[in-house]
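Taking it in order: structure first as structure tokens, then the write-up.
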Amino acid sequence: MRGDLDKPGEFEERVRRVLRGLRKGEVATYGEVAEEAGFPGAARAVGNVLARGKGLPWWRVVSAAGRLVPGHESEHARRLRREGFTIVNGRLRQS
DNA sequence: TATCTGACGATAG
DNA sequence: CCTATCGCCAGAT
């Protein structure tokens, strides 16, 4: 069957796939990534994957409030600006 | 089965 | 804008 969403590692696999789908100049919130991955409500778990994963476009993910990654705001902002975004006070500019 | 850990999210003060 | 809470989740112990 297709829907073995409870298989161990399936969550991370899907999250990674969603992340790989984010193109330059495109960002998503942790919650959106979780939802697109088929695990609505697992925003927190998405953060865990991003924190440990390697080679992932982590800078294209921000909090629902537009906040950047704690402890890496400088580099995060730099990378986002490089893709055309505007950051104000460590926050992705609202709409 | 019970707890604990986090790059979360919404809400209240 | 800030902190405190509470709810929710996948994984690891």
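Chain naming here is simple, since letters A, B, ... match the order of the sequence lines and numbering starts at 1 in each. What you see below is based on every heavy atom in this structure, not just the backbone, and it leaves out hydrogens, waters and symmetry mates. All values reported here derive from a predicted model rather than from experimental measurement.
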(request) Go through DNA chain B and write down every stem, that is, every run of at least three consecutive Watson-Crick or G-U wobble pairs with distances under 3.5 Å, as range with range. (result) B:2-6 with C:9-13, B:8-13 with C:2-7
(request) Work out which heavy atom in A/Val33 is nearest to a heavy atom in A/Val15; give both atom names and the distance. (result) CG1-CG1, 4.0 Å
(request) Would you please name every residue forming a side chain to side chain contact (heavy atoms under 4.5 Å, CB included) with A/Arg17, sequence neighbours left out? (result) A/Arg20
(request) First locate atom CD of A/Glu12, then atom CZ of A/Phe39, and finally report the distance between them rounded to the nearest 0.5 Å. (result) 11.0 Å
(request) Using the side chain to side chain donor-acceptor pair (under 3.5 Å) rule, collect all pairs that involve residues 35-59 of chain A, keeping only residues at least two apart or in two chains. (result) A/Trp59-A/Glu83
(request) Compare every heavy atom of A/Arg93 with every heavy atom of A/Val88, then report the nearest pair and how far apart it is. (result) CG2-CG, 3.6 Å
(request) For a side-chain contact (heavy atoms from CB on, under 4.5 Å) with A/Val61, tell me which candidate from A/Leu19, A/Val18, A/Val27, A/Thr29 qualifies. (result) A/Leu19
(request) Indicate, with a heavy-atom threshold strictly under 4.0 Å, whether A/Ala51 touches base, sugar-phosphate, or nothing. (result) base
(message) Can you build the contact string for nucleotides 8-13 of chain C? Use B for base contact, S for sugar-phosphate-only contact, and - for no protein heavy atom under 4.0 Å.
(response) BBSS--
(message) I need the A/Arg78 CZ to A/Glu75 CD distance, nearest 0.5 Å.
(response) 5.0 Å
(message) Can you give me the first and the last nucleotide of DNA chain B (5' to 3') that has an atom within less than 4.0 angstrom of a non-hydrogen atom in chain A?
(response) B/dG6 to B/dA10
(request) Could you pull out the closest heavy-atom pair between A/Ala42 and A/Phe11, with the gap in Å? (result) CB-CE1, 3.8 Å
Distance-only criterion, 3.5 Å: show the donor-acceptor pairs between side-chain atoms of residues 62-73 of chain A and protein atoms not counting sequence neighbours.
{"residue": "A/Ser63", "atom": "OG", "partner": "A/Ala65", "partner atom": "N", "Å": "3.2"}
{"residue": "A/Ser63", "atom": "OG", "partner": "A/Gly66", "partner atom": "N", "Å": "3.4"}
{"residue": "A/Ser63", "atom": "OG", "partner": "A/Arg67", "partner atom": "N", "Å": "2.9"}
{"residue": "A/Arg67", "atom": "NH1", "partner": "A/Gly90", "partner atom": "O", "Å": "3.4"}

(message) To check you understand the geometry: which heavy-atom pair defines the closest contact between A/Ala43 and A/Ala34, and what is its length?
(response) N-CB, 3.8 Å
